[in-house]
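As structure tokens, the structure follows; a few thoughts come after it.
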Amino acid sequence: MTLYLDVIWLLNFFIDLLLLLLTSIVLKRKVLKKRLFAGALFASMYVWVMFIPDLHFMMNPFMKALYSVIIILITFPSHQLRSFVQALLMFYFVNFAAGGGLIGLHFFLQVDSSFIQGTFATRGNSFGSPISWLFVIVGFPLIFFYSKERFAAVEASKIRFDETMDVEILLGGREINLKGFVDSGNQLTDPITKKTVMVIDMNKAEKQFPPEILTLSKSSPESMGDIPSSYIGKVSIVPYRTVGTEQKFLWTIKPEKVVVFENGLSYECPGTLLGLSHFSLGEKGEYDCLLHPGMMQKRKQA
């Protein structure tokens, strides 16, 4: 059996990169690309420990734990112990979830591969069995995307629909502050761009918007020619329908940024449109806008 260590290292590098990327997605944290690559590079160097006798002391569980701590410090630097521990535990969880899925798929398909000291090894000459390498190269991305979708589903089930939260919007250089409520019934999206729409009660928030936007929100859909020049390309019309009514149209505008505040943390919600409505959203007036559940799924820690 011939092993090409450079090929094994490269494969491990890409796997580690995907694991760190999935960890950042689940944590909803922004991570610099150079940190992702640096973390994956350091993690993949562990492959050489298995083939260099003088480094076998690194196989000790304590040293493995220390190695993973350094990986997290490189990729997710933080000054808060809670944030660091959260990233470390999630990294382990993602590894176990993806690795377990890969092993399960391996035994289900009965692929011709074996384990040597806890790592995949292939039988045959040159780069090993093409089936084994194809299994790892194709199987792992499948497990990656499946895990990503399952984590998203779990995140959606954890969204609370019984509390209001502060929302900060940046539109045309102007900061708009609202009280938002996550509404499970709000499934409004732009049919073309598929962006989520948060519906704003303009009767309550009109003083915070530029006068030209307020005027536009009250105009009919046929008034496309009246769009202010500075907002051309940012304004669109989204069709919607409520129970017992005919189809109507809602003016929407693309902001520079939407940030929600929850449990003392701020999250940016990319790909969100502002729906400009003049219908009252709540009987008690405790909130100014309805947040789309999809916003909370796509949010990233600001």
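Predicted model only: the values in this text are computed from it and were never measured.
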Checklist entry - How far apart are the C-alpha atoms of His292 and Thr272, what are their side-chain angles, what is the distance that settles it, and do they pass the side chain to side chain donor-acceptor pair (under 3.5 Å) test? => result CA-CA 9 Å; His292 194 293; Thr272 300; over 6 Å; no
Item to check | Short N-O contact, Glu256 and Arg174, less than 4.0 angstrom | outcome: no
Checklist entry - Salt bridge check: are Lys204 and Asp288 linked by an N-O gap of less than 4.0 Å? => result yes
Next on the checklist: Ring centres under 6.0 Å, that's the criterion: do Tyr67 and Phe42 meet it?
Outcome noted: yes
Next on the checklist: With a 6.0 Å cut-off on the ring centroids, do Phe84 and Phe76 count as close?
Outcome noted: no
Does a side-chain heavy-atom distance below 4.5 Å link [X] with [Y]?
X: Arg29; Y: Gln86; value: yes
X: Lys257; Y: Cys269; value: no
X: Met198; Y: Ile169; value: yes
X: Tyr267; Y: Phe261; value: no

Roughly how far, to the nearest 0.5 Å, is [atom2] of [Y] from [atom1] of [X]?
X: Leu276; Y: Cys289; atom1: CG; atom2: SG; value: 11.5 Å
X: Leu290; Y: Asp201; atom1: CG; atom2: CG; value: 8.5 Å
X: Phe91; Y: Asp16; atom1: CZ; atom2: CG; value: 6.5 Å
X: Lys207; Y: Ile176; atom1: NZ; atom2: CD1; value: 14.5 Å

Item to check | Ile232, CD1: over 12 other non-hydrogen atoms inside 6.0 angstrom | outcome: yes
Next on the checklist: Please check if the number of heavy atoms outside Phe57 that lie under 6.0 Å from its CZ is greater than 12.
Outcome noted: yes
